[in-house]
Amino acid sequence: MTNYARMYRFGMTPWEGYAEAAAPSVAAVLDREETDRTPPLGRALDLGCGRGQYTPELARRGWEAVGVDAVPRAIAEARRRDPAGTYVVGDVTDLPSAGLGTFDLFLDVGCFQGLDPAQRAAEARGVTSLARPGATLLMLQFGPSRWQRLTEGVSQDEVTGAFDAWDLLDVRDADTAGLGFPMNRTGPRWYRLGVRAAG
């Protein structure tokens with residue numbers, strides 16, 4: 001598992017560069033997600049929000065957006081950058097304990113990527129416990145490759161295996177423009193999942 005607290009402490013946050021490069025891809029995915037929804041859009045949770053790369057965009061679009069991250073330093077910076085936003089220190093592997101409430105949309109741009117298998121399963125259980133009926137999950141994950149040690153690649157089977165209470169609704173290749181080496185060699189994909197109705 002990546003030690004994010006240590007990386008923030010030493011200013012080593014390469015995923016923020018990737019987040020900036022991926023912004024058009026994220027916007028296109030959110031555009032598609034919002035096509036069939038009518039205002040108000042509902043509540044959205046930005047999983048592993050870091051210093052607030054995507055939470056403000058969700059809010060700008062009309063979502064009641066909340067960003068959650070386990071690194072207090074990152075959350076403090078997100079609050080400084082976006083004083084009007086809602087940011088919570090919380091562990092994505094123990095979401096129920098964070099007192100976040102329930103959500104209609106979950107956004108995971110690489111958070112799942114940095115977890116080991118047990119933690120991924122715990123994230124999935126937490127997300128499921130906070131999902132409202134009809135909730136969807138959008139995930140950008142980088143696939144397995146020869147650069148596995150650098151990017152901790154995730155396969156489709158790993159996504160669907162962890163989120164076994166969800167249906168896979170759509171899979172699309174993500175744009176690699178501007179990502180740089182080695183991320184542009186890892187076959188990034190967008191996964192859209194929908195929570196399965198109880199019963």
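Note that these values count all heavy atoms, side chains included, but never hydrogens, waters or copies made by symmetry.
Counting only residues at least two apart or in different chains, ring-ring contact (aromatic ring centres under 6.0 Å, His included) contacts with residues 104-131 comprise Phe103-Phe106, Phe112-Phe163.
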When you look at Leu41 and Asp104, which way does the side-chain contact (heavy atoms from CB on, under 4.5 Å) test go after all the steps? CA-CA 8 Å; Leu41 293 173; Asp104 304 281; over 6 Å; no
What's the verdict on side-chain contact (heavy atoms from CB on, under 4.5 Å) for Arg192 and Val29, showing C-alpha distance, side-chain angles and the deciding distance? CA-CA 9 Å; Arg192 182 174 185 259; Val29 168; over 6 Å; no
Step by step, work out the side-chain contact (heavy atoms from CB on, under 4.5 Å) result for Arg189 and Met139. CA-CA 8 Å; Arg189 286 178 145 189; Met139 302 182 75; over 6 Å; no
Trp63/Arg43 under side-chain contact (heavy atoms from CB on, under 4.5 Å): CA gap, chis, key distance, verdict: CA-CA 6 Å; Trp63 294 95; Arg43 300 189 75 220; over 6 Å; no
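No side-chain donor-acceptor contact under 3.5 Å links Asp157 and Ser155. Defined by atom type and a distance below 3.5 Å, a donor-acceptor pair is present between the side-chain atoms of Asp108 and Gln141.
How far CG of Leu105 is from CG of Leu45: 9.0 Å, rounded to the nearest 0.5 Å. Here CG of Asp91 is found 8.5 Å from CG of Leu115. Values are rounded to the nearest 0.5 Å. Rounding to the nearest 0.5 Å places CZ of Arg125 at 10.0 Å from CG of Asp94. Atom CD1 of Ile75 is separated from atom CG of Asp69 by 5.0 Å, given to the nearest 0.5 angstrom. Atom OG1 of residue Thr160 and atom CG of residue Leu193 lie 8.0 Å apart, to the nearest 0.5 angstrom. Note that the CG atom of Leu107 and the CD atom of Glu33 stand 10.0 Å from one another [nearest 0.5 Å].
Between Asp46 and Val66, every side-chain heavy-atom pair lies at or beyond the 4.5 Å cut-off. When side chains are defined from C-beta on, Leu138 does not count as touching Val26, because their heavy atoms never get closer than 4.5 Å. Side-chain atoms of Arg61 and Asp31, non-hydrogen and from C-beta on, do get closer than 4.5 Å to each other.
Under 4.0 Å is where a charged nitrogen must lie from a carboxylate oxygen, and between Arg196 and Asp167 at least one such pair does. Arg60 has a carboxylate O that lies under 4.0 Å from a charged side-chain N of Glu57, or vice versa, which qualifies the two as a salt bridge. Ionic pairing of Arg37 and Glu34 is not present here: no N-O contact between side-chain nitrogen and carboxylate oxygen is shorter than 4.0 angstrom.
Closest approach of Thr55 and Cys49 over heavy atoms only: OG1-CB, 3.8 Å. Gly134 and Val195 make their closest contact through N-CG1, 3.9 Å (heavy atoms, listed as atom of the first residue, atom of the second, distance). Looking at every heavy atom in both residues, Val89 comes nearest to Arg79 through N-NH2, 4.4 Å. For Ala78 against Gly50, the heavy-atom pair with the smallest separation is CB-O, 3.9 Å. Between Ala65 and Leu58 the shortest heavy-atom distance is CB-CB, 3.8 Å. Listed here is the closest heavy atom pair of Trp166 and Ala135: CZ3-O, 3.6 Å.
Both Val159 and Val171 are part of a single hydrophobic cluster, where members link through side-chain heavy atoms under 4.5 Å apart.
Although no hydrogens or angles enter the test, the distance criterion places no donor-acceptor pair under 3.5 Å between the side chain of Arg32 and the main chain of Ala27.
Looking at residues two or more places apart in sequence or on another chain, you find no ring pair (Phe, Tyr, Trp, His ring centres under 6.0 Å) involving Tyr87.
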